Amino acid sequence: MFNQENVKLLTNTELKVYEYIVQHSQKVIRMSVREIASETHVSPATVTRTISKLGFENIWECKLYLKETDNRKHNKKVFETSEIVEEFFSRSMQTEYEEKIQAAVKMIANSDTALFFGIGTSGLIAAYASRQFSNLGQSTFHIQDFSYPFHLISRQYRNTVAIIMSVSGETDIMLRKVADLKGLDSKIISITNSSTNTLAKQSDINFAYHLTPEYVDEEVNVTSQLPAVFIVETLARRNYNYTQKMRNEQR
C-alpha cells in the first residue's frame with residue numbers, strides 16, 4: 001500500500017502508527033490526527049511525523065490516498081453529488097484556505113490581465129472561469145490550444161496572472177506551458193486535486209480540493225469539478241468586490 005523504502009525509515013513508535021493505518025484504513029479515513037494518536041497511544045506530533053515520512057504533506061493527503069486505493073480496489077460506483085459537496089465543504093473554509101483566497105484576489109486584481117488555461121475537462125472549467133471574471137470586469141483571456149507557443153513570446157508578462165486548472169497537476173504538455181509562462185515572469189495560480197503534485201509545487205498559490213479520485217474502468221478520471229467551479233466563482237466574486245472597494249476608496 002505504501003512505499004516500503006519510506007516504511008524502512010520509521011522508528012518503532014512510528015511503526016505502530018503505520019500498522020494502525022494499514023490495518024484500519026477505512027476507519028482512519030474518518031479520523032483526525034488526535035484520534036489516531038489516542039488509538040495508538042502516541043502523541044499527535046508522532047502521527048504527523050509518521051504521515052510525513054510516508055510521503056504525504058498532511059493527513060488530508062494520506063486520507064485521499066487511502067480513499068483512492070479503496071475506490072480502485074472495489075470498483076466503487078461514482079459518488080453522489082451530495083457526497084462530493086460534503087467531502088469538500090467540510091474543510092474548504094479553513095483559515096489557510098481563506099488566506100490563500102485573499103492573497104489570490106489581490107494578485108489578480110493588481111494584474112494587467114488574467115490568463116486561464118486547462119486541458120480537457122479542466123479546459124472547459126478554465127473557459128467558464130475566464131468568462132465569469134470578464135463578466136465581472138476583469139481583463140482576461142482563455143487559451144484552449146495546448147500547442148500555444150508561449151516559448152516564442154519575447155516580451156515579459158510580469159504583471160500577468162495565469163490561472164491553471166488541472167485535476168492531477170501532472171499533465172506533461174500543461175507543465176511545459178507553465179514552465180514557459182514562468183519564463184515570461186507570469187505569476188501562477190493553480191487549482192488541483194492535491195497539493196503535492198508538480199504543478200502545485202511550481203505555483204505561487206495553489207488551491208487543492210482533496211477529493212477522492214474517481215475512475216471509470218480504472219482509466220477514465222471522472223473526479224468531480226464542483227470544487228474547481230466553487231473556487232473560481234469565489235475568486236471572481238471576491239475580485240469584483242475587492243476592485244470596487246479600491247475604486248471607491250480612491251474617489
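Each residue takes its place number in the sequence, starting with 1. Everything numeric here is computed off the predicted structure, so don't read it as measured data.
- Contact annotation: the side chain of Val178 approaches that of Leu199 to within less than 4.5 Å [non-hydrogen atoms, C-beta and beyond].
- A donor-acceptor contact shorter than 3.5 Å links the side chain of Ser32 to the backbone of Glu35.
- Contacts of Glu39 classified as salt bridge (Lys or Arg N to Asp or Glu O under 4.0 Å), with partners at least two apart in sequence or in another chain: Lys27.
- The two residues Leu64 and Ser194 have their closest heavy-atom pair at CD2-CB, 4.3 Å.
- Counting only distance, with no hydrogens or angles, the side chain of Ser130 and the backbone of Ala126 share no donor-acceptor pair below 3.5 Å.
- Of the residues listed (Leu124, Asn193, Val167), the one engaging Gln225 in a side chain to side chain contact (heavy atoms under 4.5 Å, CB included) is Val167, and it is the only one.
- Remark: the Thr13 side chain and the Thr46 side chain contain no N/O donor-acceptor pair separated by less than 3.5 Å.
- Rounding to the nearest 0.5 Å places NZ of Lys16 at 10.0 Å from OG1 of Thr11.
- Nearest heavy-atom pair, Glu14 versus Arg49, reported as atom, atom and distance to 0.1 Å: OE2-NE, 2.8 Å.
- Salt bridge Glu233/Arg238: absent, no basic N to carboxylate O contact under 4.0 Å.
- Remark: the backbone N or O of Asn206 is not paired with any side-chain donor or acceptor of Ser203 at under 3.5 angstrom.
- Using modelled atom types, one side-chain atom of Thr40 and one backbone atom of Ile36 make a donor-acceptor pair closer than 3.5 Å.
- A distance-only check finds no donor-acceptor pair linking the side chain of Gln132 to the backbone of Val232 [under 3.5 Å].
- Between the side chains of Gln23 and Glu19, no donor N or O sits under 3.5 Å from an acceptor N or O.
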For side chain to side chain contact (heavy atoms under 4.5 Å, CB included), just list the numbers for Ile164 and Ile189, CA-CA rounded to whole Å, side-chain angles, deciding distance to a tenth of an Å, and then say yes or no. CA-CA 6 Å; Ile164 313 296; Ile189 296 174; over 6 Å; no
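- Listed for the Ser52 side chain is no donor-acceptor partner under 3.5 Å among the backbone atoms of Thr48.
- Side-chain contact of Ser134 with Thr140: a donor-acceptor pair under 3.5 Å is present, judged by distance alone.
- The nearest pair of heavy atoms linking Lys53 to Leu9 is NZ-O, 3.5 Å.
- For Asp204, the side chain to side chain contact (heavy atoms under 4.5 Å, CB included) partners at least two apart in sequence or on another chain are Met107, Lys187, Ile188.
- Under the 3.5 Å distance criterion, the side-chain polar atoms of Thr113 are matched with a main-chain donor or acceptor of Ser139.
- A distance-only check finds a donor-acceptor pair linking the side chain of Ser168 to the backbone of Glu170 [under 3.5 Å].
- The distance from atom OG of Ser190 to atom CD of Gln202, rounded to the nearest 0.5 Å, is 9.5 Å.
- At a threshold of 4.5 Å between side-chain heavy atoms, the hydrophobic network of Ile, Leu, Val, Met, Phe, Trp and Tyr places Leu136 and Met246 in two separate groups.
- Residues Leu15 and Val7 have side chains in contact (heavy-atom distance under 4.5 Å, counting atoms from C-beta outward).
- Taking all atoms of both residues into account, the shortest heavy-atom contact from Ser224 to Tyr209 is O-CE1, 4.1 Å.
- Defined by atom type and a distance below 3.5 Å, a donor-acceptor pair is present between the side-chain atoms of Arg131 and Asn135.
- Interatomic distance, NZ of Lys106 versus CG of Asn239, reported as 13.0 Å (0.5 Å rounding).
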For a side chain to side chain contact (heavy atoms under 4.5 Å, CB included) check, start with the C-alpha distance between Tyr18 and Leu54, then their side-chain angles and the critical distance, and finish with the verdict. CA-CA 9 Å; Tyr18 164 74; Leu54 289 173; 3.9 Å; yes
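- A heavy-atom distance below 4.5 Å is not found between the side chains of Ile125 and Ile191.
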Report the C-alpha separation of Ile231 and Tyr97 in whole Å, then their side-chain angles, then the decisive distance to 0.1 Å, and conclude whether the side chain to side chain contact (heavy atoms under 4.5 Å, CB included) test is met. CA-CA 10 Å; Ile231 292 167; Tyr97 218 85; 3.0 Å; yes
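- Residue Phe133 holds its CZ atom at 13.5 Å from NE2 of His142, rounded to the nearest 0.5 Å.
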Show, in sequence, the C-alpha distance, side-chain angles and deciding distance for Leu66 and Gln26, and conclude whether the side chain to side chain contact (heavy atoms under 4.5 Å, CB included) test is met. CA-CA 8 Å; Leu66 293 174; Gln26 285 303 294; over 6 Å; no
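- Residues Ser111 and Gln138 come closest through the heavy atom pair OG-NE2, 3.8 Å.
- Not one N or O on the side chain of Glu61 forms a donor-acceptor pair closer than 3.5 Å with the backbone of Asn58.
- Separation of atoms CZ (Phe207) and OG1 (Thr192) is listed at 10.5 Å; rounding is to 0.5 Å.
- Between atom OH of residue Tyr20 and atom OG of residue Ser25 there is a gap of 10.5 Å, rounded to the nearest 0.5 Å.
- Ala114 and Ile108 make their closest contact through CB-CG2, 4.4 Å (heavy atoms, listed as atom of the first residue, atom of the second, distance).
- Under a 3.5 Å cut-off, the side chain of Thr243 and the backbone N or O of Tyr240 do form a donor-acceptor pair.
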